[in-house]
Visitor: 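One structure, pasted below without further comment.
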Amino acid sequence: GEPQPSQPLRAPRLMEPDGRRYKVRGRHIEYMGWSFDWRISTTQGLQLYDVRMKDERVVYELGLQDAGTWYSGTDPLMLASLYVDNAWPVGGSFELLRGVDCPETATFFDALHQKDGGRPRLFKNVVCAFEQDTGIPLRRHFNSDTAGGYTFYGGMAGHVLVLRHINVVYNYDFVYDYIFHQNGVLEVKVSLTGYLQPTFYTQDQDPYGYKAWANQIPNLHIHSFNYKVDMDVLGTQNRFETVDIVLENITNPERPDLRHIQTRIQRDLKTTEKEAAVQYDFNRPKYYNFYSNGHKNRFGANRGYRVQLNGIAKTVLPREGWAPMRGVGWMDYQLAVTKRKDAEPSSSSIYNQNDLYEPLVDFQTFIDDDENILDEDLVAWVTLSTHHIPHSEDFPVTATAGSQMQFFLRPFNYYDEDPSVGSSNAVLITPGEKFGSVRVKRFGTPTGPACVSEQSPFHFNGTWRGSN
């Protein structure tokens with residue numbers, strides 16, 4: 001392609017003028033009211049435990065359970081390409097490059113994995129943590145005086161802590177992020193990159209994709225990722241409700257001779273596991289809220305955390321009538337809520353790939369026993385999915401832009417106000433006494449000059465088979 005920029009120039013860089021603002025102690029991290037522990041599983045990747053905000057636990061356990069990539073086509077390779085990545089393994093770890101995979105300011109962590117051999121191996125720099133500017137205000141408002149001026153401007157830049165692991169499963173690279181926002185929101189994101197799995201082009205493959213480089217065709221496939229979210233909202237006895245948005249047709253109170261159509265909310269408390277299995281219907285928008293009965297905010301609302309799904313897709317593949325779907329039963333639900341049980345630790349197994357028709361773990365059984373979920377320890381099983389129809393711009397490798405899925409855990413009447421209002425990184429500007437002058441309040445944040453370190457050359461080893 002054409003060189004860009006036309007003259008090679010260094011890109012913007014992240015810096016920490018006053019040093020690192022998060023604390024690391026082993027596998028324990030603290031940041032702006034958040035605290036959590038983490039580990040990396042060889043088969044399931046990056047896992048979080050005891051996630052707290054302002055010393056109150058929100059989540060007991062949060063982590064990927066399995067990832068599926070299922071291809072379409074009549075070529076023998078495609079017919080057999082029903083991948084369940086838990087068996088490959090999902091936690092496959094290789095070195096991350098400082099300055100590309102993670103910012104130069106990141107903290108890197110090593111990991112031990114035992115696979116393909118008789119003893120554990122040390123994998124260097126496979127997880128990173130860093131704070132970054134999101135490039136968009138977390139909140140802001142300009143208050144016009146409606147006469148050509150203003151009464152105040154208030155805003156706060158969006159800074160977040162990111163915990164990242166990049167998993168390489170043969171041809172695909174999956175970027176897994178946990179992102180901690182200062183307003184109590186926890187974002188879980190997956191980004192896709194790596195190269196496509198193609199097959200030789202023949203005309204009978206036309207219904208499954210587009211011909212591309214070297215007489216190849218990269219076929220249509222679906223990516224799905226299932227997460228376990230063990231919610232502990234103000235204790236282990238939680239409830240799950242949907243807050244439905246429904247239509248109402250009422251008499252206009254201002255004009256009794258007219259009708260008025262609008263929306264209203266309708267709370268629907270779920271009491272059994274079958275009631276709490278979600279196959280999303282765009283005709284019935286709703287919120288998914290977890291709360292502990294009896295805990296209210298100052299306004300009398302239940303203090304809760306809701307799951308917001310931003311990366312969902314219908315699988316299309318039928319659970320009834322297509323037996324291999326038993327091995328990925330979780331793929332059929334965007335969200336399912338079950339009672340936490342020791343006998344149901346994960347939605348999948350490393351052995352499911354061996355027999356999708358009679359899998360060791362059949363997720364559908366988690367729902368079919370239809371247990372009570374009222375005032376119980378609840379687990380949300382969240383599935384992110386996207387359909388991928390490869391195109392020529394996916395060569396040489398798929399770009400992460402536009403190839404991202406995420407869900408959020410968001411406080412829902414949990415606090416009396418936005419918990420980030422206590423941040424000293426906010427800015428308040430008001431007009432000064434003289435025309436054109438301003439008063440700027442930085443709440444104690446230093447504003448003086450800062451030193452910028454020289455950019456170091458890349459250092460990368462990449463080896464991992466050596467003895468440890």
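Predicted model only: the values in this text are computed from it and were never measured. All heavy atoms count here, side chains included; hydrogens, waters and symmetry mates do not.
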Visitor: Report yes or no: does Asp66 contribute a side-chain atom to a donor-acceptor pair with the main-chain N or O of Asn86 at less than 3.5 Å?
Guide: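 Answer holds: yes.
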
Visitor: Say you draw a straight line from CZ of Arg57 to CG of Asp50; how long is it, rounded to the nearest 0.5 Å?
Guide: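 Taking CZ in Arg57 and CG in Asp50, the distance rounds to 4.5 Å.
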
Visitor: Before accepting this row, confirm whether a basic side-chain N of the pair Asp369/Lys341 lies closer than 4.0 Å to the acidic partner's carboxylate O.
Guide: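 A salt bridge is present here (some side-chain N lies under 4.0 Å from a carboxylate O).
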
Visitor: Given side-chain contact (heavy atoms from CB on, under 4.5 Å), test Val337 with Val379 step by step and report yes or no.
Guide: CA-CA 6 Å; Val337 180; Val379 175; over 6 Å; no

Visitor: Counting neighbours of CD1 on Ile389 that are heavy atoms of other residues, nucleotides or ligands and sit closer than 6.0 Å, is the number greater than 12?
Guide: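 Not more than 12 within 6.0 Å, no.
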
Visitor: Does atom OH of Tyr153 have more than 12 heavy-atom neighbours, drawn from other residues, nucleotides or ligands, at distances under 6.0 Å?
Guide: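 Counting other residues, nucleotides and ligands, OH of Tyr153 exceeds 12 neighbours.
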
Visitor: Quiz question: by atom type and distance under 3.5 Å, do the side chains of Ser348 and Gln65 form a donor-acceptor pair?
Guide: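 Judged by distance alone, the side chains do not pair up.
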
Visitor: Backbone N or O of Pro345 within a donor-acceptor pair of the Lys228 side chain at under 3.5 Å?
Guide: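 Confirmed, Lys228 side chain pairs with Pro345 backbone.
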
Visitor: Search all heavy atoms of Tyr305 against all heavy atoms of Pro411 and return the closest pair with its distance.
Guide: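 Here Tyr305 and Pro411 meet closest at CE2-N, 3.5 Å.
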
Visitor: Assess whether atom OH of Tyr351 is packed by more than 12 heavy atoms of other residues, nucleotides or ligands within 6.0 Å.
Guide: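 Open: at most 12 neighbouring heavy atoms sit under 6.0 Å from OH of Tyr351.
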
Visitor: So Leu186 and Trp34, do their side chains get closer than 4.5 Å, heavy atoms only?
Guide: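 Yes - at least one pair of side-chain heavy atoms lies under 4.5 Å apart.
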
Visitor: Any side-chain heavy atom of Met331 within less than 4.5 Å of one from Asn226?
Guide: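 No, too far: nothing below the 4.5 Å cut-off.
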
Visitor: Applying salt bridge (charged side-chain N to carboxylate O under 4.0 Å, His left out) as the test, list every pair that has at least one member in residues 236-245; sequence neighbours left out.
Guide: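 Every pair satisfying salt bridge (charged side-chain N to carboxylate O under 4.0 Å, His left out) with a residue in residues 236-245: Arg239-Asp375, Glu241-Arg267, Asp244-Lys286.
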
Visitor: Between CZ of Phe407 and CG of Asn310, what distance do you get to the nearest 0.5 Å?
Guide: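 The distance works out to 11.0 Å.
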
Visitor: Would you say Glu95's side chain and Lys124's backbone share a donor-acceptor pair under 3.5 angstrom?
Guide: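 Side chain of Glu95 to backbone of Lys124, a donor-acceptor pair under 3.5 Å: no, none is there.
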
Visitor: Would you check, one step at a time, whether the test side chain to side chain donor-acceptor pair (under 3.5 Å) holds for Tyr170 with Gln197?
Guide: CA-CA 9 Å; Tyr170 186 50; Gln197 174 184 286; over 6 Å; no

Visitor: Compare all side-chain heavy atoms of Asn425 with those of Arg21 and state whether any distance is below 4.5 angstrom.
Guide: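 In contact.
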
Visitor: I'd like to know if the side chain of Ser420 pairs up with that of Arg139 as donor and acceptor (distance under 3.5 Å, no hydrogens or angles considered).
Guide: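 A pair is found: one side chain offers a donor N or O, the other an acceptor, under 3.5 Å apart.
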
Visitor: Would you verify whether the NZ or CZ of Arg306 falls within 45 degrees of the ring axis of Tyr288 while also being under 6.0 Å from that six-membered ring's centre?
Guide: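 Judged by the rule, Arg306 and Tyr288 form no cation-pi pair.
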
Visitor: So which heavy atom on Glu131 is nearest to which on Leu14, and how close?
Guide: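 Looking at all heavy atoms of both residues, the shortest contact is O-CD2, 3.1 Å.
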
Visitor: Can you confirm whether Arg303 sits close enough to Asn413 that some side-chain heavy atom of one is under 4.5 Å from a side-chain heavy atom of the other?
Guide: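 Side chain of Arg303 against side chain of Asn413, heavy atoms only: no contact under 4.5 Å found.
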
Visitor: Could you tell me whether a side-chain N or O of Thr445 sits under 3.5 Å from a main-chain N or O of Ser424, the two making a donor and an acceptor?
Guide: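 The answer is yes, because a donor-acceptor pair under 3.5 Å joins these two groups.
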
Visitor: State whether a side-chain donor-acceptor pair under 3.5 Å links Ser81 with Tyr83.
Guide: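 Side chains of Ser81 and Tyr83: pair found under 3.5 Å.
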
Visitor: In the structure I gave you, are the side-chain heavy atoms of Thr242 and Phe240 within less than 4.5 Å of one another anywhere?
Guide: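 Counting from C-beta outward, Thr242 and Phe240 do come under 4.5 Å.
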
Visitor: Should we say atom OH of Tyr287 is surrounded by more than 12 heavy atoms from elsewhere, each under 6.0 Å from it?
Guide: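 It does not: Tyr287 OH has 12 such atoms or fewer within range.
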
Visitor: Answer yes or no: are there more than 12 heavy-atom neighbours, outside Ile250 itself, under 6.0 Å from its atom CD1?
Guide: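 Correct, the count exceeds 12.
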
Visitor: So, for Asp18 and Pro446, which heavy atoms are closest and what is the spacing to 0.1 Å?
Guide: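 Closest pair (atom of Asp18, atom of Pro446, distance): OD2-CG, 3.9 Å.
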
Visitor: Does anything in residues 94-141 pair up under disulfide bond (SG atoms under 2.5 Å apart), and if so which pairs, sequence neighbours excluded?
Guide: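 Counting only pairs at least two positions apart or across chains, the disulfide bond (SG atoms under 2.5 Å apart) contacts touching residues 94-141 are Cys102-Cys128.
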
Visitor: Measure the CG-CD distance between Asn289 and Gln308 for me, rounded to the nearest 0.5 Å.
Guide: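 Rounded to the nearest 0.5 Å, the CG-CD separation comes to 12.5 Å.
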
Visitor: Suppose we call two aromatic rings close when their centres sit under 6.0 Å apart. Are Phe174 and Phe225 close by that rule?
Guide: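 That pair passes the under 6.0 Å test.
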
Visitor: Kindly give the heavy-atom pair with the smallest separation between Thr398 and His388, and that separation in Å.
Guide: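 Minimum heavy-atom separation between Thr398 and His388: OG1-CE1, 3.9 Å.
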
Visitor: Just say parallel, tilted or perpendicular for the rings of His113 and Phe123, cut-offs at 30° and 60°.
Guide: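 Geometry flag for Phe123 against His113: perpendicular rings.
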
Visitor: Ignoring hydrogens and angles, tell me if any N or O in the side chain of Asp110 forms a donor-acceptor pair with the backbone of Asn125 under 3.5 Å.
Guide: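 Confirmed, Asp110 side chain pairs with Asn125 backbone.
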
Visitor: Please check this pair: side chain of Arg319 against backbone of Gly329, looking for a donor-acceptor N/O pair closer than 3.5 Å.
Guide: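 Side chain of Arg319 to backbone of Gly329, a donor-acceptor pair under 3.5 Å: no, none is there.
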
Visitor: For residues 161-183, which residue pairs qualify under salt bridge (charged side-chain N to carboxylate O under 4.0 Å, His left out), counting only residues two or more places apart or in two chains?
Guide: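 Non-adjacent pairs meeting salt bridge (charged side-chain N to carboxylate O under 4.0 Å, His left out): Arg164-Asp177.
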
Visitor: Answer yes or no: is there an ion pair linking Asp268 with Lys270, defined by an N-O contact shorter than 4.0 Å?
Guide: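 Answer for the salt bridge query: yes.
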
Visitor: Salt-bridged, Asp362 to Arg326, with N to O below 4.0 Å?
Guide: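 Arg326 and Asp362: salt-bridged.
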
Visitor: Compute the centroid of each ring, for Phe282 and then for Tyr280, and state whether the two points are separated by less than 6.0 Å.
Guide: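 Ring centroids of Phe282 and Tyr280 are less than 6.0 Å from each other.
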
Visitor: Could you tell me the separation between the OG atom of Ser385 and the CE atom of Met405, rounded to the nearest 0.5 Å?
Guide: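 Separation between the atoms: 7.5 Å.
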
Visitor: Would you confirm whether Asn171, through its side chain, and Gly194, through its main-chain N or O, come within 3.5 Å as a donor-acceptor pair?
Guide: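 Not confirmed, Asn171 side chain does not pair with Gly194 backbone.
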
Visitor: In this structure, are over 12 heavy atoms from other groups packed under 6.0 Å from Glu254 atom CD?
Guide: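 Not buried by this count: 12 neighbours or fewer within 6.0 Å.
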
Visitor: Is the distance from the ring center of Trp38 to that of Tyr178 below 6.0 Å?
Guide: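 For Trp38 and Tyr178, the ring centres are not under 6.0 Å apart.
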
Visitor: Just so I know, are the side chains of Phe290 and Leu409 near enough to count as touching, which here means a heavy-atom distance under 4.5 Å?
Guide: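 Phe290 does not reach Leu409 side chain to side chain.
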
Visitor: So does Arg259 have more than 12 non-hydrogen atoms from other groups sitting under 6.0 Å from CZ?
Guide: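 For Arg259, atom CZ is crowded (more than 12 foreign heavy atoms under 6.0 Å).
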
Visitor: Which residue pairs pass the ring pair (Phe, Tyr, Trp, His ring centres under 6.0 Å) test when at least one of the two sits in residues 311-348, sequence neighbours left out?
Guide: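 For residues 311-348, and leaving out neighbouring residues, there are no ring pair (Phe, Tyr, Trp, His ring centres under 6.0 Å) pairs at all.
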
Visitor: Sub-3.5 Å donor-acceptor pair from the side chain of Glu371 to the main-chain atoms of Lys339, do we have one?
Guide: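 Answer holds: no.
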
Visitor: Has His141 got a side-chain atom pairing as donor or acceptor with Phe152's backbone, closer than 3.5 angstrom?
Guide: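 No; judged by distance alone, with no hydrogens or angles, the pair does not exist.
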
Visitor: I'd like to check Leu356 versus Trp70 (side-chain heavy atoms, cut-off strictly below 4.5 Å). Are they in contact?
Guide: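 In short, these two side chains touch, coming nearer than 4.5 Å.
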
Visitor: Could you tell me whether Phe36 and Phe180 have their ring centroids closer than 6.0 angstrom?
Guide: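 Judged by ring-centre distance (under 6.0 Å), Phe36 and Phe180 do meet the cut-off.
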
Visitor: Measuring from Leu46:CG to Leu163:CG, what's the distance to the nearest 0.5 Å?
Guide: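 Spacing of CG (Leu46) from CG (Leu163) equals 4.5 Å.
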
Visitor: Does any N or O in the side chain of Glu275 come within less than 3.5 Å of the main-chain N or O of Asp370, such that one atom is a donor and the other an acceptor?
Guide: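 No; judged by distance alone, with no hydrogens or angles, the pair does not exist.
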
Visitor: Say you draw a straight line from CG of Asn238 to CG of Asp377; how long is it, rounded to the nearest 0.5 Å?
Guide: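 Between Asn238 CG and Asp377 CG, I get 7.0 Å after rounding to 0.5 Å.
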
Visitor: Looking at every non-hydrogen atom in both residues, tell me the closest pair between Arg98 and Pro103 and how far apart they are.
Guide: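 Closest approach of Arg98 to Pro103, heavy atoms only: CG-O, 3.9 Å.
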
Visitor: Could you check whether atom NZ of Lys296 has more than 12 heavy atoms from other residues, nucleotides or ligands sitting under 6.0 Å from it?
Guide: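 It does: Lys296 NZ has more than 12 such atoms within range.
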
Visitor: Find out whether Val169 and Thr69 are in side-chain contact, i.e. whether some heavy atom of one side chain is under 4.5 Å from a heavy atom of the other.
Guide: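 SC-SC contact between Val169 and Thr69 ruled out.
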
Visitor: Using every non-hydrogen atom in the two residues, find where Phe109 and Thr107 come nearest and quote the distance to one decimal.
Guide: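 What the structure gives for the nearest pair is CE1-O, 3.7 Å.
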
Visitor: Name all residues meeting the salt bridge (Lys or Arg N to Asp or Glu O under 4.0 Å) criterion together with Glu248; count only those two or more places apart in sequence or in a different chain, and write none if there are none.
Guide: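 In terms of salt bridge (Lys or Arg N to Asp or Glu O under 4.0 Å), with neighbours along the sequence ignored, Glu248 is linked to Arg264.
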
Visitor: Which residues satisfy the salt bridge (Lys or Arg N to Asp or Glu O under 4.0 Å) test with Asp342, sequence neighbours excluded?
Guide: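 Checked Asp342 against salt bridge (Lys or Arg N to Asp or Glu O under 4.0 Å); matches are Arg340.
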
